[in-house]
There are 2 protein chains.
Amino acid sequence: MTTASPGGPRWLTDEEQGVWRAYLHATTLMEDHLDRQLQRDAGMPHVYYGLLVHLSQAPRRRKRMTELAKDAKITRSRLSHAVARLEKNGWVRREDCPSDKRGQNAILTDEGHAMLARSAPGHVEAVRQAMFARLSPEQVRSLGEIMRVIAAGLQPEDTDADLPWLR
Amino acid sequence: MTTASPGGPRWLTDEEQGVWRAYLHATTLMEDHLDRQLQRDAGMPHVYYGLLVHLSQAPRRRKRMTELAKDAKITRSRLSHAVARLEKNGWVRREDCPSDKRGQNAILTDEGHAMLARSAPGHVEAVRQAMFARLSPEQVRSLGEIMRVIAAGLQPEDTDADLPWLR
DNA sequence: GACCTTTTCTTGAAAGTTGAACTAGATAGA
DNA sequence: TCTATCTAGTTCAACTTTCAAGAAAAGGTC
């Protein structure tokens, strides 16, 4: 299976296939694990929890919808639905943006903040036990580097945002 | 934030937090990327594609539902829905299991196999470009090891399946 | 201002996922 | 055998995600 057919499709080496399978395996188990943990302890899926965390770290605990969507790596549509749900729970509220009448700010409520404070320790502990408790310091460092490389490669790039002279 | 409050909740170090963010970032971008790639080129989400791959590698291209669910790390319920959909596409069919009247075999059809053959090269290429083309051989090796450790830690364990003497 | 394009956010329907409830068949013990 | 329990798989309802479409405001350009 490692054979390279010149011109034809290039497959993965046996080692690469093994790594890919391990990657898929580990990441799906991790996501399932955290989804269940948070559904049980915080009553929401992992993504929603991530939204609250983002808001909690933003100045004045609020953020424009589009910016929040970008930070959390989800579509604006998905965010609209998510915020609607979190609003029903009382953890987030919306407010019109004063400077742009199209805009909306999503705001973490006190209830939302309290819920976060309550569930954060358990969640951190779950992450630690699933990942950091099992890896050597060297592996942690290496994992960080690898994940940053992969993310950079998949990032929409936002071309010439940093290269205005190319316009 | 690196401060440890003895007895209180233990947080992550700054480095661990950074690694965790990079991990979430990279894995969600990767999953989105592959989902879109396969939806576009094969007309199905990544998970469904994975089911076909599993079947294609099984003896006689068939597998019991429960076993398939276990291999693909999804619930039996999710698999039922997925197979129903793949059946509509003509890529999979079901057959009663002869030895166990409760049982069903999911079988990869010729059409399904053809579709897989058609879309595999593009998918492999997407995986290569997103991951292996960007990592050094040493990083690939390291990633494999790390992912295996994490997966092992999250695995349901299946206690004493390998330890029958403990019964 | 009038016109065109872009951006922001929401909506609605279709597709996918989850967890619990349920049916039917297998299994084990009295 | 009769009964209780377990396993395989499906189904239902509630929820989440996606995609395409749309309303409203902003930002040009003439």
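The shown structure was predicted, so the numbers you read here are calculated from the model rather than taken from an experiment. Letters A, B, ... mirror the listed sequences (proteins, then strands); counts begin at 1.
Across all strands, A/D35 comes closer than 4.0 Å to no nucleic acid atom at all (heavy-atom distances).
In this entry the distance linking CD of B/E87 with P of D/dG9 reads 14 Å, nearest Å. To the nearest angstrom, P of C/dT18 lies 15 Å from NZ of B/K73. Taking atom CD of A/E31 as the reference point, atom P of C/dT17 lies 13 Å away to the nearest angstrom. Computed from coordinates, the B/H46 NE2 to D/dT18 C1' distance equals 18 Å when rounded to whole Å. In this structure, the CG atom of A/D96 is 11 Å from the C1' atom of C/dC9, given to the nearest Å. A/R64 places its CZ atom 10 Å from the C1' atom of C/dT7, with the value rounded to the nearest Å. The distance from atom CG of A/L34 to atom P of C/dT18 is 14 Å, rounded to the nearest whole Å. Rounded to whole angstrom, the span from the CE atom of A/M65 across to the P atom of D/dA23 amounts to 19 Å.
Heavy-atom contacts from other residues, nucleotides or ligands closer than 6.0 Å to CZ of B/R60 number 12 or fewer.
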Protein-nucleotides 19-22 of chain D N/O pairs under 3.5 Å:
from   : atom 1 : to    : atom 2 : distance (Å)
D/dC19 : N4     : A/S77 : OG     : 2.7

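Looking at the side chain of B/Y48, the nearest of the listed nucleotides C/dG16, D/dT17, C/dT10 is C/dG16. Taking every side-chain heavy atom of B/R102 into account, D/dT7 is the closest of D/dT7, C/dT8, C/dC9.
Between B/Y23 and B/W20, the ring-plane angle classifies as parallel under the 30° and 60° cut-offs.
Phosphate contact (OP1/OP2 of C/dC9, side-chain N/O of A/R94, threshold under 4.0 Å): absent. Listed pair A/R76 / C/dT7 fails the phosphate criterion, with no side-chain N or O lying under 4.0 Å from OP1 or OP2. Side-chain nitrogen and oxygen atoms of B/T66 include at least one within less than 4.0 Å of the OP1 or OP2 phosphate oxygen of D/dG9.
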Evaluate the criterion side chain to side chain donor-acceptor pair (under 3.5 Å) for residue pair A/S142 and B/S142; output intermediate values, then yes/no. CA-CA 8 Å; A/S142 174; B/S142 175; 3.1 Å; yes
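Ion pairing between a basic and an acidic side chain is recognised when a charged N comes within 4.0 Å of a carboxylate O; B/D32 and A/K73 show no such pairing. With respect to B/E145 and B/R148, no salt bridge is recorded, no charged nitrogen being found less than 4.0 Å from a carboxylate O. With respect to the salt-bridge test (charged N to carboxylate O, under 4.0 angstrom), the residues A/E95 and A/R62 qualify. Ion pairing between a basic and an acidic side chain is recognised when a charged N comes within 4.0 Å of a carboxylate O; A/R85 and A/E87 show no such pairing.
Both A/N105 and B/K101 lie near DNA chain C, and the one whose nearest nucleotide falls closer to the 5' end is A/N105. Each of B/Q104 and B/D32 lies near DNA chain D, and the nucleotide nearest B/Q104 is the one positioned closer to the 5' end.
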